[in-house]
*Asks:* 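Please find one structure pasted underneath; my questions will follow.
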Protein chains: 2
Amino acid sequence: MALSQDETTARGRATAEMVAERANVSRVAVSRAFNPHASLKPAKRELILRIAQELNYTPDRAARALVSGRSHLVGVIVPDVCSHWESQEIDALTTALQAEGFATLLFKTRIDYSMDEQLLAYMRGFNPDSVIAFVENVKPTTLAKFLDRAVPIYIHYPRSGAPEDRQAGPLHDRLNVLHRTGVEQAVSLLQGYGARRIAYVSGVDKSRANTAREDMLRVVMAERGLAPPIIAASDFSYDRAYAATLDLFRVGEGADAVFAANDVGAFGVIDALRHELNLRVPEDVKVVGFDDIAQSHWKSYNLTTVKFDLEERVRALVRLILRRLNNPDAPPLEETLNTRLVVRGTVG
Amino acid sequence: MALSQDETTARGRATAEMVAERANVSRVAVSRAFNPHASLKPAKRELILRIAQELNYTPDRAARALVSGRSHLVGVIVPDVCSHWESQEIDALTTALQAEGFATLLFKTRIDYSMDEQLLAYMRGFNPDSVIAFVENVKPTTLAKFLDRAVPIYIHYPRSGAPEDRQAGPLHDRLNVLHRTGVEQAVSLLQGYGARRIAYVSGVDKSRANTAREDMLRVVMAERGLAPPIIAASDFSYDRAYAATLDLFRVGEGADAVFAANDVGAFGVIDALRHELNLRVPEDVKVVGFDDIAQSHWKSYNLTTVKFDLEERVRALVRLILRRLNNPDAPPLEETLNTRLVVRGTVG
DNA sequence: TTGTAGGCGTTATCAG
DNA sequence: CTGATAACGCCTACAA
């Protein structure tokens, strides 16, 4: 059967109408063919889908979003796409979302971790079904103000003690990340190898992840009778961790062991120790990181680190998203993630 | 002025209608207020925008896309979001696109570099205005079949000789990446330091980037009177490059210098040489990479590498996208990117 | 199981 | 410069 003039010369995409005409069915039937829930005689559905494929037709998600209220877009806000942990998380998240029929919509905030309202307004225009903020200093209130339908997901770091009350406020779901186990294991290990004076090369000052890690380290060290950690200010980056380490050992008092706020920072620490200060790792100084990114097993570093299970974390996030979408009016949802120590060569 | 019942209790987002009502103007005026090109009395525009902000209104891009035919979405297809070069490129690209009012829509292909049609059909549903494929083995024909409005952008690696004819076929734009300059500089440097037997630790076999690099290396080495490179098969990853290096020196004939298909591979080469084979870099073996990712200056590697200027590359891509959108029927567009050697510590 | 009617929120077109 | 009207492509009623 030859294509009509219209079909062959059409510039734009094929529409449902064209498929319907060709299959001798109504437009609605075409819509139903693409919606598994709708009832349609199997043979008819099959025919429609076949013709759709021939004509290279796919339903337009923008039009679909307009009427159904679901965009199948998940907004992801990151300060730094190319930082190692984030990029690994985005990768895994995109794969998982794709499998569920969603696509990842990426937004970058300013590097200083400030969440400008302009970006939020901008993002809202795309009408994401859900938003995950890998950004630290934005309050649920602010985000909720800009997102009407989507329920934001927060990464939360509970204190060690009793479960805190949830402050009343706009609805948001959260992923609780528990640092205690991993930090306890790390401090034990360091103590076991005789470390007493432990330094902490920090992450970005305002960052909640950084605060949570530093606090937990302080708590665990106190419980185990150690003096508070020596704090060396840094910002999660290799370069600043490198510089902070030089300061710590040249100007400051040095340390037996260094805890870095993340793995990349730990690499900076290790390189400063080995290549500039001529100290051996782990013989002279032990080093522990946070995250367990893919590079941490590379031989040049072979880093002992407090691991967050990336796959587990992404699964938890996707669960939160899907549960919320299936039940928009549900009370706040939570998922919890634990940490554990991965022992490699920088402590010993 | 008190909000009406409807406005305060409304679940969904504010609509243009609500803003219009409140500002005593027509819906169309609201639309115009948000469109810089449209003519509207400045005072009126200001009023509308103020009220819009109060009501927290932003135009719905899905609806806008439906009628205007522009989604302001740029699809990016990557095999591996978290590989270093890609993540750095996505980061820079997202920033640049955001500044132009576009958002990045991320898609992951299978790791084996195969571009399944299912993914393309899936992506098309989102109606991207443009598509950048960081994927290798997909032909323009395939991509064009699935994208009607969007014009794909290809990364192309011209041979050294005369400019080839463009094969007739579906329209697509391209970014030409010229390897010659950087490779010539690198080979000179290696020769200058006495290297004669040069090995190439490859990238993924099917990858065009890999083929282009290997070919250019072969050509340049021949021109300079060197024997063809010894090929060690790898796949751009640290781990396989590490293993390939062990093979090369334990089972194979070894080499004076190793060219890795990318920086991450070079890190694997260096670590294998230093930590497993007890060879010194650069004294015993010299190493050169490709890309110049952010990690290449880290002290543990301090890699000499053939640099692609990321910022320049992203600017070129954005130029291609904008030019094409402003002129959909333009003939094929091209941009060209050069390479140069960044000299650090792994050759000397 | 199928088809008809109506509307989702916006912009283009055409009047004034 | 402004406003009415008609699409855009699809889905959810509702009726048959």
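From a predicted model like this one, the values you see are computed outputs, not experimental measurements. In what follows, chains carry the letters A, B, and so on, assigned in the order in which the sequence lines appear, proteins first and then strands, with residues in each chain numbered from 1.
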*Asks:* Within the sub-3.5 Å range, which N or O atoms of nucleotides 13-16 of chain D have a protein N or O partner, and how far apart are they?
*Replies:*
none

*Asks:* Measure the spacing between CG of B:Leu97 and CG of B:Asp129 and express it to the nearest 0.5 Å.
*Replies:* 10.5 Å

*Asks:* For DNA chain C, note the earliest and the latest nucleotide, 5' to 3', having some atom under 4.0 Å of a heavy atom belonging to chain B.
*Replies:* C:dG9 to C:dA12

*Asks:* Report the residue (B:Ser39 or A:Asp60) whose heavy-atom-nearest nucleotide on DNA chain D is the more 5′ of the two.
*Replies:* B:Ser39

*Asks:* Enumerate the ring-ring contact (aromatic ring centres under 6.0 Å, His included) contacts for residues 24-56 of chain A, please, sequence neighbours excluded, ordered by first and then second residue.
*Replies:*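 Found A:Phe34-A:Tyr57.
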
*Asks:* Scan A:Ser68 against the nucleic acid and name what it touches under 4.0 Å (heavy atoms): base, sugar-phosphate only, or nothing.
*Replies:* nothing

*Asks:* With a 4.5 Å cut-off on side-chain heavy atoms, are B:Arg208 and B:Val177 touching?
*Replies:*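 Result no, sub-4.5 Å side-chain heavy-atom pair not found.
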
*Asks:* If you count the non-hydrogen atoms of other residues, nucleotides and ligands that lie under 6.0 Å from CD in B:Gln53, is the total more than 12?
*Replies:* no

*Asks:* May I have all residue pairs that pass salt bridge (charged side-chain N to carboxylate O under 4.0 Å, His left out) and include part of residues 55-75 of chain A, sequence neighbours excluded?
*Replies:* none

*Asks:* Between B:Lys41 and D:dG3, is there a contact of a side-chain N or O with OP1 or OP2 at under 4.0 Å?
*Replies:*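 Result: no.
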
*Asks:* Which atom pair, heavy atoms only, marks the closest approach of A:Ala96 to A:Val318?
*Replies:* CB-CG2, 3.7 Å

*Asks:* Reading DNA chain D from 5' onward, which residue's closest nucleotide shows up sooner: A:Thr15 or B:Ser26?
*Replies:*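 Mapping each residue to its closest nucleotide by heavy atoms, the 5'-most match is B:Ser26.
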
*Asks:* Whole Å only: how far is the CE atom of A:Met18 from the P atom of D:dG9?
*Replies:*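 To the nearest whole Å, that distance equals 10 Å.
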
*Asks:* In whole angstroms, how far is the C1' atom of D:dC8 from the CG atom of A:Leu66?
*Replies:*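 About 9 Å, once rounded to whole Å.
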
*Asks:* Would you kindly give the CD-to-P distance between B:Glu17 and D:dT5, to the nearest whole Å?
*Replies:*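 Checked: the CD to P distance equals 13 Å.
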
*Asks:* May I have the distance from A:Phe34 (atom CZ) to D:dG9 (atom P), rounded to whole angstrom?
*Replies:*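 Rounded to whole Å, this separation is 15 Å.
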
*Asks:* What is the distance, to the nearest angstrom, from the CZ atom on B:Arg45 to the C1' atom on D:dT2?
*Replies:*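 Computing the B:Arg45:CZ to D:dT2:C1' distance gives 13 Å.
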
*Asks:* Taking CZ from A:Arg27 and C1' from D:dG9, how many angstroms apart are they, rounded to a whole number?
*Replies:*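 Atom-to-atom, A:Arg27 to D:dG9, this comes out as 10 Å.
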
*Asks:* Please give, in whole Å, the distance from D:dG9 C1' to B:Arg61 CZ?
*Replies:*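 Rounded to the whole Å, the gap is 19 Å.
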
*Asks:* For A:Leu47, what residues pass the side chain to side chain contact (heavy atoms under 4.5 Å, CB included) criterion, not counting sequence neighbours?
*Replies:*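 By the side chain to side chain contact (heavy atoms under 4.5 Å, CB included) rule, A:Leu47 matches A:Ala23, A:Arg50, A:Ile51.
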
*Asks:* Salt bridge (charged side-chain N to carboxylate O under 4.0 Å, His left out): which pairs involve residues 27-46 of chain B, sequence neighbours left out?
*Replies:*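 Those involving residues 27-46 of chain B are B:Glu17-B:Arg27.
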
*Asks:* Could you tell me how the ring of A:Phe107 sits relative to the ring of A:Phe126: parallel (under 30°), tilted (30 to 60°) or perpendicular (over 60°)?
*Replies:* tilted

*Asks:* Just how far, in rounded Å, is C1' of D:dT2 from CD1 of B:Ile48?
*Replies:*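 After rounding, the gap between these two atoms is 11 Å.
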
